[in-house]
Amino acid sequence: MDSKYASIGREKPKITNDLTVKRLKLCVNNANTKKDKEQTTNGATNNNKLENNFPKENTEDLKEARKSLPVYLVRTRIIEEIKKHDTMILIGETGSGKTTQIPQLIHEYRLEGKSCVAVTQPRRVAAITLALRVAAEMNTDIGSIVGYSVRFEDVTSPRTKVKYLTDGMLLREAVTDPLLKKYSIIVLDEAHERTVNTDVLFGIVKLAQKERNGQKQNPLKVIVMSATMDVDSFRKYYDNCPVIYLEGRTYPVTIYHSKIKHEDYQYAAICTIFQLHTTTPANEDFLVFLTGQEEIETVMSNIKQIAKETVGPQIRVCPLYAGLPAAKQLLVWKKTPPGMRKIVLATNIAEASVTIPEIRYVIDTGVVKERTWCTRTGAERLSVVPCSQAASWQRAGRAGRTAAGASYRLYTATDFKCRRQHNIPEIVRCPLTSTVLMLIATGLDPGTFPLIDTPPKDSIHAALLLLKELGAVDNESNPKLTVLGKKMTAFPIDPKYAKILLCAPEYGCLEEALSLVAVMSSENVFHTPLHKREDALKVKQKFISPLGDHITLLNVYRAFCKAPLKKQWCRENYLNHKNLSYAFDVRQQLLLVCQRLNLAVSSCGNATDQLLKCLLSGLFTNCAWSRAGGRYVTSAGAAASLHPSSVLHGRSANPALVYTELLHTQRSFLINVSVVQPQWLQQVAPEYARRCRSNR
DNA sequence: TAGGGTTTT
C-alpha cells in the first residue's frame, strides 16, 4: 500500500517451546456476528455502577453464541484436564471465550463441589461486566449463583458458586484467610499482564495449594489463564504443570513495518495518518498509540490543522487517556456520521483496558511511558521507552476485532526483533511498601516468598526500612507487625497514608485527614487541557491556599461536596468528576475502617497547622529543604524543583516542604507540596530527624 | 524556574 512499509503479512507471536504440552488444535471460522464477541470490557468509563444490559438479549441467542465459541467445542477435554490436574495453564487468544465459559463449565460439571470458584481480573470493570455476562448466559440474577466482588461493591451471596473479583480483592481476602478456604478452584486470568497483584497472587495460591493439598482436605485447584505468555517461566514456576492452548477467533491483521528508522515518531505518525486517510474509505477508523496527554494534544491540533488543507473525508479526532474526563472519553464510542472518519489518539489505555469497536487501522509508534523507581531517593521516573513485542501484538490486535485490519508499526522489523518479548513485570520496577506490609500481615516472609520474577533486593529492603520507620514492623531482618502496623493493614491505602489517619486523632483532625487522604489516594483531580491552561489556572485561584497543594486539594474536595450540580460544577472548574467521586467513595470506606478501630473523628477547623503536622507524621520521609535558586534537596539528598503544577511554584522559597511524590521526567520535580516548619520534623519523627540531619 | 503511562485495595 505504501512504499515506506514492508509488508510481512499476518504474523503471530510464536510460542516456541519444546515442552511436552498438550495442544488442542481448533479450526473455527472467523466470527461474523456481533453477539459472538467476547465482551470483557464495557469500555466507556470506570463508573462504579454499571447497568446490566446483557439479560435483554434473548437467552436462546446467548446459548447459540456460547456454542459457537472455540472453547465450547473442546469443553469435555478441558473438563477432563481440570479434573486430572491440580494446576493448569490455559493459553487462549482473544475471542476463545475462555474467561466466560471455563467458569460456567466448571459449575455445570459441579467441579467446585460445596465451595466456590473464584475468577480474578486485574480491572474492576472487567470483573463486573464478565459477571453480568455470565449471569445472563446462565439465565440467573446477578448476585445469586454468579456474583462479583470489587472495591466498594460486593454482589455475592451464600449461594454464589462463580465469583468474579479483582486481584486486589482476592489479595485482601488472603490477609484474613491465607489458605483461601472459601474457594475450591481459583482461576487467575490475564496472567500475561503481570501486575504486582497478580504476581503476588501466584505465590499466595501456590503456597495455599501446597498446604491444603498436603492435608488432603479441601484441596485447591489453580488455573492460570492468559493470552500469549512467557510459558516457560510460568510452567517452571508451577512445577511443570500441563499447558493447554486454545485458538482464538479474531480477524486477520496485516503487519507493516517501516523500512527506515524514524527520528520523530510523532511526525511519522501524522504522515502515516494522512497517507492512509487519503487512500482508504472514510468509514474505516484509525487508532494511534501515543505516550501521554501532551503528545496526544499536540498531534490532535496538528491533524486538525493539516485536515483543513487536505482533500479527503471529514475527520473527527478523539483523544483517549485515563486523565480525560469521562464525558470526553465517551466520544470515542460515538459513531461518526457516514463519510466521516474517526481517528482515536490513545495512550496504552487502549491496549487492554478499553475496547474501541470498528477500528480497522492501528498506527503503532512503538513507544510507551513507563514508570520506574529509584530505591535510594524514592524518586519515580517516567520515561518514554520502546514497548515490548507482546505490547505491539496487543496493539495490532485492536485492528482485528470486527473485521480484517492492519497495523502500521513506525519502526523497522529489525528494531522489532531486538525488543524484549514481554513487558518488564511491574513487581520488578515498583515500590513494594504496601506489598511487603500485606505479605507480613498474611504471615508470609517477604524474603523467601516465591515470585516468578524477583524484585531487586534493595527494593524489598527499602520497603522494610520504610515500614520500620513508620512503626509498622519492629525490625527489618525478621519483621513482625506492631500494633500500629496491624491497624495500618486495615486500610486499603498506601501505608504512609494509613499512618496519617492513625495519627490524626492526636492532632484532632481526622475529619480533614480523611478527606485529604481520600483525594491523595485518587488520581489527579485537576484537568488541564493544553490550550486552556490559562482558563484552568484562573478558576483554580479560588481554591488555592498559600500553605500549599494539600490544603488546596482539601478546599477543592470540600467545595465539591457542597456543589449541588457536581458534574456541571466540575466541568466549569476544570476538575475531574470521576476522580473526585472516587475520592468520595474512598473517604466513606476509610471512615468505616476508622470507626471500626474506634478512632475519634473530630475536626481541627481552621487550625491547618494541626493537619499539616499530621500529614508530616506519615510523610516525614518526604521532606525537602530550600537551596539557592529556588531549588530544593530531599532528605535522601536528591536535588529537585517544584513541579509547575504546584500552587507554590513561582512563589518565594520556603525553608522546609513536605511532598507527596518525587517524579523525574526531564528533571526531578516535587509534586503536591506543602509548607512545614522545620522544627516539626523533630516533633513528629525524632529518630528520623536525627538521622537525616546531615542532608539539611 | 515549565509538565504526571496504566491499574488496584
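Chain naming here is simple, since letters A, B, ... match the order of the sequence lines and numbering starts at 1 in each. Hydrogens, waters and symmetry mates are skipped; everything else that's a heavy atom, side chains included, is used.
Taking atom OH on A:Tyr582 and atom P on B:dT9, their separation rounds to 6 Å, with Å as the unit. Between A:Glu190 atom CD and B:dT6 atom P the separation is 18 Å, expressed in whole Å. The distance from atom CD1 of A:Ile424 to atom P of B:dG5 is 18 Å, rounded to the nearest whole Å. Distance A:Arg381 CZ to B:dT6 C1': 19 Å, rounded to the nearest Å. Per the geometry, CG belonging to A:Leu537 stands 12 Å off C1' belonging to B:dA2, to the nearest Å. Across the protein-nucleic acid pair, A:Leu382 atom CG and B:dT6 atom P stand 10 Å apart, rounded to whole Å. Here B:dT9 presents its P atom at 13 Å from CG of A:Leu590, a figure rounded to the nearest Å. Look at CD on A:Glu294: it is 9 Å from P on B:dG5, rounded to the nearest Å.
As judged by a 4.0 angstrom heavy-atom cut-off over every strand, A:Asp167 is placed among residues making no nucleic acid contact. Contacts of A:Gly629 with the nucleic acid, taken as non-hydrogen atoms under 4.0 Å apart, are absent. Here A:Val150 lies in heavy-atom contact (under 4.0 Å) with sugar-phosphate atoms only. Contacts of A:Glu523 with the nucleic acid, taken as non-hydrogen atoms under 4.0 Å apart, include base atoms. Using a 4.0 Å heavy-atom criterion, one finds that A:Phe491 contacts no nucleic acid atom at all. Among the protein residues, A:Arg651 comes within range of no part of the nucleic acid, since none of its heavy atoms lies under 4.0 Å from any strand. Counting any heavy atom pair closer than 4.0 Å across all strands shown, A:Thr347 reaches sugar-phosphate atoms only and no base atom.
Candidate nucleotides B:dT8, B:dT9, B:dG3 were compared by shortest atom distance to the side chain of A:Phe669, and B:dG3 ranks first. Among the nucleotides B:dT1, B:dG3, B:dT9, the one closest to the side chain of A:His649 is B:dT1.
When each of A:Pro492 and A:Tyr321 is assigned the nucleotide of DNA chain B with its nearest heavy atom, A:Tyr321 is the one assigned upstream, toward the 5' end. Across the interface with DNA chain B, nearest-nucleotide mapping of A:Arg172 and A:Phe526 shows A:Phe526 to be the residue nearer the 5′ end.
The residues A:Glu370 and A:Arg420 are annotated as not salt-bridged, no charged nitrogen and carboxylate oxygen being separated by less than 4.0 angstrom. Salt bridge A:Asp415/A:Arg409: absent, no basic N to carboxylate O contact under 4.0 Å.
Listed by first and then second residue, the salt bridge (charged side-chain N to carboxylate O under 4.0 Å, His left out) pairs that reach into residues 286-299 of chain A are A:Glu294-A:Arg533, sequence neighbours excluded.
For A:Arg667, a side-chain nitrogen or oxygen approaches OP1 or OP2 of B:dA2 to under 4.0 Å. The shortest distance between the side-chain N/O atoms of A:Thr166 and the OP1/OP2 oxygens of B:dT9 is below 4.0 Å. Remark: A:Ser353 is not in phosphate contact with B:dT6, judged by side-chain N or O atoms under 4.0 Å from OP1 or OP2. Note on A:Thr665: a side-chain N or O is less than 4.0 Å away from OP1 or OP2 of B:dG4.
Regarding the sugar-base torsion, B:dG5 falls in the anti class, its angle being beyond 90° of 0.
For an aromatic pair to be called close, the ring centres must be under 6.0 Å apart, and A:Tyr265 with A:Tyr411 fails this.
Cation-pi geometry between A:Lys532 and A:Tyr574 is not met: the NZ or CZ atom fails to fall both under 6.0 Å from the ring centre and inside 45° of the normal.
Under the 4.5 Å side-chain criterion, counting only non-hydrogen atoms from C-beta, A:Arg194 is not in contact with A:Asn423.
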